[in-house]
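This report concerns only the one structure given below.
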Amino acid sequence: MTSNNSPFALSDPRPISPDKFKDPMRTALGEERAYVTMAGLETLWFNTGTLCNLACQSCYIESSPRNDALVYITLDEVRGYLDEIIEQKLPTREIAFTGGEPFMNPHMMAILELCLDRDFDVLVLSNAMRPMRRLEQQLLNLRHRERLTIRVSLDHHTQIVHEAERGPSWDKAIGGLTWLAQNGFNIAVAGRHLEIESDADARVSFGQLFTQLGLPIDASNPAQLVLFPAMDESADTPEITTSCWDILSVDPRSMMCASSRMVVKRKGESTPRVAACTLLPYHKDFDLGETLEESSRTVRLNHPHCARFCVLGGASCST
């Protein structure tokens with residue numbers, strides 16, 4: 001959720017109607033709610049745990065140095081899902097990790113080795129600060145690290161806006177990003193643009209920053225610079241109906257939940273669970289079961305993030 005103090009807060013955050021997003025089958029106006037059918041599991045995400053070295057103003061998952069609502073995923077738990085991918089002959093090409101800060105998870109390096117040794121492409125979302133930097137030698141020693149991409153969170157192309165969101169962190173984030181580039185890692189950046197900026201303008205400004213820093217990142221490439229829209233589940237947004245696909249010229253197969261799932265381990269639960277979406281780890285309506293096979297069912301777009309981030313925002317966490 002976006003804090004009112006965040007520079008990325010919506011300028012007109014009208015509260016959402018309490019009648020919206022209540023019925024998974026029907027909208028508040030009684031129309032059939034849009035749904036997405038699993039086309040094939042291309043990306044499997046793991047949330048490594050909600051503990052983070054930062055406490056950002058608008059972290060959608062409320063990660064912080066104290067929030068352990070999602071506990072650390074373990075090597076054996078990850079291995080179980082990789083085994084299921086093989087057993088079910090799923091078309092999974094990428095294993096991705098988010099948090100919290102993934103490099104705070106004590107099992108992270110062993111997990112990366114496992115995924116790379118299984119010949120998956122691997123994506124890690126990191127703030128590139130101290131938790132990552134203390135593992136520099138282990139990262140350099142990774143086998144098959146040419147298949148690893150580290151996507152660094154740099155909320156804005158200016159230090160003042162980035163730090164208004166994340167606190168004093170710019171120099172350390174830039175230092176970590178530069179270290180990755182200098183040591184030949186595949187890198188990407190995740191950022192946002194202010195409401196007064198267009199996507200195109202933000203990409204130009206990020207491109208100028210990358211050139212200034214000597215970073216091999218193409219700001220015009222959405223896979224190398226991912227720009228996310230503002231997210232505030234308490235602010236009003238339209239509900240998406242089955243007729244919206246044609247009206248908006250959006251293909252439901254382009255939605256994240258058509259090709260990805262996320263494994264989470266909630267505090268107090270004995271086993272990990274599979275969520276429909278990286279954005280909704282806590283919502284029981286988007287808990288699809290314990291196994292990948294169970295989780296392959298249809299997803300109803302019954303949350304504001306489905307509308308604002310995915311359908312209207314055209315955003316995706318995957319590469």
Side-chain angles (χ1 to χ4, degrees), residues 24-25 32-48 73 77-98 111-112 114-125 144 146-149 151 186 188 190 221-224 226 228 240-242 244-246 248-265 271-281 283 285-303 305-307 309-319:
M25 306 302 291
E32 184 180 6
R33 188 175 303 284
Y35 57 88
V36 173
T37 301
M38 170 63 84
L41 184 66
E42 295 180 6
T43 300
L44 178 61
W45 287 85
F46 289 91
N47 188 292
T48 61
I73 201 84
E77 288 164 345
V78 171
R79 182 183 288 112
Y81 285 101
L82 301 189
D83 290 345
E84 188 181 358
I85 288 171
I86 301 302
E87 292 163 4
Q88 297 292 327
K89 297 181 172 59
L90 300 177
T92 311
R93 61 173 181 79
E94 179 182 54
I95 306 297
F97 298 93
T98 185
I111 288 170
L112 290 181
L114 173 66
C115 296
L116 292 168
D117 286 350
R118 294 278 186 102
D119 292 328
F120 290 104
D121 293 333
V122 177
L123 173 67
V124 181
L125 277 54
H144 315 301
E146 69 279 358
R147 303 197 70 163
L148 169 67
T149 298
R151 183 192 292 168
N186 297 319
N221 184 338
Q224 294 188 33
V226 184
F228 294 127
I240 306 300
T241 70
T242 52
C244 287
W245 301 125
D246 289 336
L248 299 170
S249 297
V250 172
D251 186 344
R253 291 173 298 181
S254 68
M255 299 295 100
M256 281 196 294
C257 53
S259 60
S260 69
R261 293 289 185 264
M262 184 169 76
V263 177
V264 302
K265 191 173 183 183
T271 60
R273 305 285 295 178
V274 185
C277 177
T278 55
L279 306 178
L280 299 168
H283 291 261
D285 286 350
F286 293 87
D287 181 323
L288 302 182
E290 189 175 332
T291 68
L292 299 179
E293 185 177 16
E294 288 178 277
S295 76
S296 63
R297 61 182 186 267
T298 294
V299 176
R300 294 275 172 174
L301 304 188
N302 191 31
H303 192 277
H305 289 344
C306 304
F309 185 89
C310 296
V311 180
L312 301 176
S316 173
C317 295
S318 301
T319 52

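Using modelled atom types, one side-chain atom of Arg261 and one backbone atom of Ser295 make a donor-acceptor pair closer than 3.5 Å. Counting only distance, with no hydrogens or angles, the side chain of Ser316 and the backbone of Met256 share no donor-acceptor pair below 3.5 Å. Checking side-chain atoms of Asp83 against main-chain N and O of Ile85 turns up no donor-acceptor pair under 3.5 Å. Judged purely by atom type and a 3.5 angstrom limit, Arg118 has no side-chain atom pairing as donor or acceptor with the backbone of Arg79. The backbone N or O of Asp119 sits less than 3.5 Å from a side-chain atom of Arg147, completing a donor-acceptor pair. Judged by distance alone, with hydrogens and angles left aside, the side-chain atoms of Thr48 form a donor-acceptor pair with the main-chain N or O of Thr98 at under 3.5 Å. Not one N or O on the side chain of Asn302 forms a donor-acceptor pair closer than 3.5 Å with the backbone of Met25.
For the pair Leu82/Phe120, a side-chain contact is recorded, criterion being any heavy-atom separation below 4.5 Å from C-beta on. Residues Ile73 and Phe97 form no side-chain contact, since every pair of their non-hydrogen atoms from C-beta on lies 4.5 Å or further apart. Side-chain contact between Thr149 and Asp121: absent, with no pair of heavy atoms (C-beta onward) separated by less than 4.5 Å. Side chains of Cys115 and Val78 form a contact here, defined as non-hydrogen atoms less than 4.5 Å apart. Using a 4.5 Å heavy-atom threshold, the side chains of Gln88 and Leu292 count as separate. Side-chain contact check for Thr43 versus Ser259: every heavy-atom pair is 4.5 Å or farther apart. With a 4.5 Å cut-off on side-chain heavy atoms, Leu312 and Leu248 count as touching.
Minimum heavy-atom separation, Val226 to Pro222: CG2-O, 3.3 Å. Closest non-hydrogen pair, Pro281 versus Val264, comes out as CB-CG1, 3.9 Å. Of all heavy-atom pairs between Tyr81 and Arg273, the closest is OH-N, 4.3 Å. Nearest heavy-atom pair across Pro24 and Arg33 is O-CD, 3.3 Å. Nearest approach of Ser296 to Met38, heavy atoms of both residues: O-CB, 3.3 Å. The shortest heavy-atom contact between Ala188 and Ala223 is CB-O, 3.8 Å.
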Step by step, would you call Trp45 with Leu125 a side-chain contact (heavy atoms from CB on, under 4.5 Å)? CA-CA 11 Å; Trp45 287 85; Leu125 277 54; 3.7 Å; yes
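Taking CE of Met262 as the start and CG of Leu279 as the end, the distance is 8.0 Å to the nearest 0.5 Å. Distance check: Ile240 CD1 to His303 NE2 gives 13.5 Å after rounding to the nearest 0.5 Å. Separation of atoms OG (Ser260) and CD (Glu42) is listed at 9.0 Å; rounding is to 0.5 Å. Once rounded to the nearest 0.5 Å, the distance linking CG of Leu112 with CG of Asp117 reads 10.5 Å. Rounding to the nearest 0.5 angstrom, the gap separating the CG atom in Asp287 from the CG atom in Leu280 is 11.5 Å. Here the straight-line distance linking atom CG of Leu44 with atom CZ of Arg93 works out to 12.0 Å at 0.5 Å rounding.
Applying the salt bridge (Lys or Arg N to Asp or Glu O under 4.0 Å) test to every pair with at least one member in residues 289-302, sequence neighbours left out, gives these pairs: Glu32-Arg300.
Around the CZ atom of Phe228, the shell of radius 6.0 Å holds more than 12 heavy atoms that belong to other residues, nucleotides or ligands.
Remark: Asp285 engages no residue in a salt bridge (Lys or Arg N to Asp or Glu O under 4.0 Å) (not counting sequence neighbours).
Ring orientation note: the planes of His283 and Phe286 are nearly perpendicular, at an angle over 60° on the 30°/60° scale.
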